[in-house]
Amino acid sequence: MRPDEEFRAVTRSVGERAVVTVCGEIDIDTGPLLQDALDEALAVCVAGIDVNFSHVTFCDCVGLTVLLRARADARQRGIGFGVCEVRIPSVRNLFTTTGTDTLLADRRAAA
């Protein structure tokens, strides 16, 4: 199975917010797929984007870069952006070590 076949990002609307539930590994192969999902969410949401990481099994600097770009795009449009349900310690450590945990903090995330 190819890495991109294990990856999924499903977007749904919850009120005026978009919730993007991400599953699998986020790396150089799947980063563009995450970017596409976040671009889609940005196009349809009014108030904010909540990125649910409860099923993410790995995330490297490529995934982090995608998240930071999406956050910047959302802020430029006056839209909230947060990552929630980060369960894998190595992913939490990536955010903490790079100092991006507060930038990507879950402020009003929907489950």
Nearest 0.5 Å, what's the CG-CG distance between L34 and D39? 9.5 Å
Distance col, row T98:OG1 vs L68:CG, nearest 0.5 angstrom, shows 7.5 Å
How far apart are the closest heavy atoms of I88 and V56, and which atoms are they? CG1-O, 3.0 Å
Considering all heavy atoms of both residues, which atom of G31 and which atom of V62 are nearest to each other, and what is their separation? CA-CG1, 4.1 Å
With rounding to the nearest 0.5 angstrom, report the CG to CZ distance, L67 to F53. 4.5 Å
According to a hydrophobic-cluster definition based on side-chain heavy atoms being under 4.5 Å apart (Ile, Leu, Val, Met, Phe, Trp, Tyr only), do I26 and L33 belong together? yes
Which heavy atom of G80 sits nearest to which heavy atom of A74, and what is that distance? O-CB, 4.2 Å
Given D50, V51, D73, the one that forms side-chain contact (heavy atoms from CB on, under 4.5 Å) with F81: V51
Sub-3.5 Å donor-acceptor pair from the side chain of R92 to the main-chain atoms of R87, do we have one? yes
Supply the atom-to-atom distance R17 CZ to I79 CD1, rounded to the nearest 0.5 angstrom. 9.5 Å
If hydrophobic clusters are built from ILVMFWY residues whose side chains come within less than 4.5 Å, do L103 and V22 share one? yes
Do you know the tightest heavy-atom contact between R71 and L104? CD-CD2, 4.2 Å
Value rounded to 0.5 Å, distance of CZ in R69 from CG in L64: 10.5 Å
Checking T11 against V20 for the side-chain contact (heavy atoms from CB on, under 4.5 Å) test, could you report, in this order, the C-alpha distance in whole Å, the side-chain angles of both residues, the deciding distance, and whether it holds? CA-CA 4 Å; T11 303; V20 180; 3.7 Å; yes
Atom CG in N52, atom SG in C23: separation rounded to 0.5 Å? 8.0 Å
For a side-chain contact (heavy atoms from CB on, under 4.5 Å) check, start with the C-alpha distance between L94 and D60, then their side-chain angles and the critical distance, and finish with the verdict. CA-CA 7 Å; L94 171 67; D60 65 9; 5.6 Å; no
Donor-acceptor pair, side chain of S54 and main chain of E85, under 3.5 angstrom: no
